[in-house]
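The structure under discussion appears below in the form of structure tokens.
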Amino acid sequence: MSSVRISPNGERIVFITGASREERSIVVYSLTGEGTNVIDAGDDQVLAAITWLNDEYLLATYSDRRDLAREGERADVFRPYVLRYDGERNFELNRAASLANRDISNPDSFLAWLPVLQDNRGSRSAGDGVERAVGLFEQRFTRDRDRRRVFIGDGGYNYVLNTENEPVVRYNFEDGQFELWANRDGSGWRRVYTERLEREQFRFGARESNRWNGRMTGISGLDVTGRYGYFTSRVNDDKAAVFRFDFETEEIEGPIIQSDLADVGSFIRDWRNNAIIGVSWQEERQRVEYFDPQFAAIQTQIEGFFPDSNVDLVSWDADFRRIIIGIEAGDVALTYYLLDTSTGQVALLASAYERIPDEAVASVEVVHYEARDGMDLFGYLTLPPGREAQDLPLVMLPHGGPQARDYYGFDPWAQFLASRGYAVFQPEFRGSEGFGRNFIRAAHGEWGQAMQDDVSDAVQHLVDAGVADADRVCLFGWSYGGYAALAGATLTPDLYRCVIAGAPVSDVLAMMEYEQGRFGGGSLTYWAEYIGDWRREREQMIAISPARQAANVQAPLMIIHGTDDLIVPFEQAEIMAEAMDAVGKPYELVAIQDGPHQSYRMTVENVTELYTALERFLFEHNPPDPQ
């Protein structure tokens, strides 16, 4: 189950469930004995999220794959739907609409932001002089076009609502200058802060990308009083921290929350008034800090009951009497509880993975290690249930991205491998997201080099610590992790007993050709900054491209790739296979028919084929210890 939410009146719980995309359903469970409603979510698109708009209506977010005529490319597109909890009425909302706020005082509508066209006199127009602005609309529950204009902003501005759903703060950025405006007393807009931002420019041929650095580049939201506006800003152009702007003194305060290890700044809102009430962030484990004392007290109390767990206040009703709490620990799969604040009683709702017994869930530990150049790194070690951390067969599992990261808790791939008897390590190598810009910059130009060394150094650390058997280490990854797997097989061939490369980049030059033709080459500056200038540094690209180094492969190799992958094309797997054929090296290629790149889009058949291949290959080439 996922996307678990309680209705504003506290009488119903909604969630998404189903073993496969074709079987996925929206379940509305009554806490008052009315019975359960099950709504078929359809099988032609992926249901991504569900939430309440009021006590009767829901907002569902779907993802489907479409041909975008304007771009001439296929892409995954998110589409919002409004539906009644009993499934009797539904319609697709304008794709450009976004939820502004749930107005529980008005049972017939909710508030939505929509882009509008506007001429220089402020009226809607499609003629000359048009500019795009944002509009706030009261959207009724009858049909998409049944909405009433509440407010139309000036072109180029973003707006922030107060607890009364009034746009009282706006900001814009133009020609390198950021401006913040306020209209808190209704007397008119007044500029309260101006900053000239510094431009960090990166050029790649005729293309350029700009990163604008400054103390403030936007406002995420207001506190319940409307006095403070919260935002994130990078300290010394490195790690993000939380700041706030005081609209009474017109001064910036902070950083009020920061971390020595990680970026801070995933704000928590109270859906009842849209006010920011706290912030969560990820270090080795999740951290949460509430500004609201009522929320803070409950968070502290629940963390006391579950001291080794991630604790989330997932959803609450309008009276703050019933709260859904999510608990996820190093040895507990995500589990939902219902807290009644009036009685203090806590009731188990369900596990997100109800068919996995607790004894089958592997423990997860945070392990710190040092890279060969002295950089401090860490990763997540998942141990097979019932086994001591001593001389275990090991599967290294570097994440994709590479500008992404792993998290403490229940990771399905790591848990699957651990349940088969393997220790699993997920290194947060340099370039991983969420640890500041300097950590990202340390990975620029380091594909197949320092980034790969970080993976190799983690292996050595676990061997030296006695956790892993040096002769029984395999490497598995997906996307960039698939590249890291192939790089391990070709650049450090003596380190691994077997290698499984999922959806891998095998030839950097061919991959960049693909990126150049996709969406007009919009991502080329990013890749040039991260990998290097492949046009002028061809020898370096050849040196780090596994397909160009296939002759170095020694370990048994399996390549597994979906044929409908839009991120890393299946052609990359074919290139590696052809390179292995050319040098007479054995390998196995598993083509998942119609398989996507993202795991959330995989069908149960896709996942079963992936897991079956993993298990078979590992058992053959690196068998676990008998249980």
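Values reported hereafter were calculated over all heavy atoms of this structure, with side chains retained and with hydrogens, waters and symmetry mates removed.
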With a 4.5 Å limit on heavy-atom distance, are the side chains of Tyr369 and Asp454 in contact? yes
Can a donor-acceptor pair be found, under 3.5 Å and without considering hydrogens, that links the side chain of Asp507 to the backbone of Ala547? no
May I have the step-by-step check of side chain to side chain donor-acceptor pair (under 3.5 Å) for Ser456 and Asp453, ending in yes or no? CA-CA 5 Å; Ser456 302; Asp453 291 341; 5.1 Å; no
According to salt bridge (charged side-chain N to carboxylate O under 4.0 Å, His left out), who are the partners of Asp312, at least two apart in sequence or on a separate chain? none
Is it the case that the side chain of Thr490 and the backbone of Asn552 share a donor-acceptor pair, with hydrogens and angles ignored and the cut-off at 3.5 Å? no
Could you check Gln286 against Asn310 for side chain to side chain donor-acceptor pair (under 3.5 Å), going step by step and ending with a plain yes or no? CA-CA 6 Å; Gln286 177 175 281; Asn310 292 337; 5.0 Å; no
By side chain to side chain contact (heavy atoms under 4.5 Å, CB included) - contacts of Pro412 (at least two apart): Tyr353, Phe410, Tyr611
For Tyr380 and Tyr408, take the angle between the two ring planes, folded into 0 to 90°, and tell me which bin it lands in: parallel under 30, tilted 30 to 60, perpendicular over 60. tilted
So, for Leu381 and Ala423, which heavy atoms are closest and what is the spacing to 0.1 Å? CD1-CB, 4.3 Å
Quick check for you: to the nearest 0.5 Å, what is the distance between Asp464 atom CG and Leu462 atom CG? 9.0 Å
Check the angle between the aromatic planes of Trp413 and Trp478 and answer parallel, tilted or perpendicular using the 30° and 60° thresholds. perpendicular
For ring-ring contact (aromatic ring centres under 6.0 Å, His included), just list the numbers for Phe305 and Tyr337, CA-CA rounded to whole Å, side-chain angles, deciding distance to a tenth of an Å, and then say yes or no. CA-CA 12 Å; Phe305 293 147; Tyr337 294 85; over 10 Å; no
With sequence neighbours left out, what residues match Trp281 under ring-ring contact (aromatic ring centres under 6.0 Å, His included)? none
With heavy-atom distances below 4.5 Å as the criterion, would you say the side chains of Ile575 and Met511 are in contact? no
Test of understanding: with ring-ring contact (aromatic ring centres under 6.0 Å, His included), list the residues that count as partners of Tyr587, not counting sequence neighbours. none
Is there a donor-acceptor pair closer than 3.5 Å between any side-chain N or O of Tyr422 and the backbone N or O of Asn622? yes
Enumerate the disulfide (SG to SG under 2.5 Å) contacts for residues 393-469, please, sequence neighbours excluded, ordered by first and then second residue. none
Shortest non-hydrogen contact from Met451 to Pro402? CE-CB, 3.7 Å
Quick one, His597 and Ser479 - any side-chain contact, counting heavy atoms below 4.5 Å? yes
Heavy-atom side-chain proximity of Asp565 to Phe570 below 4.5 angstrom: no
Which distance, rounded to the nearest 0.5 Å, do you find between the NE2 of His621 and the CZ of Arg497? 10.0 Å
Residues two or more places apart in sequence or in another chain: which of them pass salt bridge (charged side-chain N to carboxylate O under 4.0 Å, His left out) with Arg234? Asp263
Which heavy atom of Val499 sits nearest to which heavy atom of Phe617, and what is that distance? O-CE2, 3.7 Å
For the residue pair Asn606 and Pro596, establish whether any side-chain heavy-atom pair is separated by less than 4.5 Å. yes
Note, Pro624 side chain near Arg420 side chain (heavy atom, < 4.5 Å): no
Under 3.5 Å, which donor-acceptor pairs do the side chains of residues 388-399 form with other protein atoms, sequence neighbours left out?
from	atom 1	to	atom 2	distance (Å)
His399	NE2	Ala404	O	3.3
His399	NE2	Ser432	OG	2.8

Work out which heavy atom in Leu313 is nearest to a heavy atom in Trp316; give both atom names and the distance. O-CZ3, 3.3 Å
Please identify each residue that fulfils ring-ring contact (aromatic ring centres under 6.0 Å, His included) with Tyr526, with sequence neighbours left out. Tyr530
Determine whether Glu574 and His561 satisfy the following criterion, side chain to side chain donor-acceptor pair (under 3.5 Å), listing intermediate values before the conclusion. CA-CA 9 Å; Glu574 295 176 315; His561 206 138; over 6 Å; no
Identify the residue among Phe435, Phe439, Tyr480 that makes a ring-ring contact (aromatic ring centres under 6.0 Å, His included) with Phe429. Tyr480
Applying salt bridge (charged side-chain N to carboxylate O under 4.0 Å, His left out) to Glu578 and not counting sequence neighbours gives none
Inter- and intrachain pairs under disulfide (SG to SG under 2.5 Å), touching residues 443-515, at least two apart: Cys474-Cys498
Salt bridge (charged side-chain N to carboxylate O under 4.0 Å, His left out) partners for Asp411, two or more places apart: none
Taking 4.0 angstrom as the limit, do Asp625 and Arg472 come out as a salt bridge? yes
Do Ile327 and Val311 come within less than 4.5 Å of each other through their side chains, counting heavy atoms only? yes
With sequence neighbours excluded, give me every disulfide (SG to SG under 2.5 Å) pair touching residues 355-459. none
Val314 to Val4 - nearest heavy-atom pair and separation: CG1-O, 3.3 Å
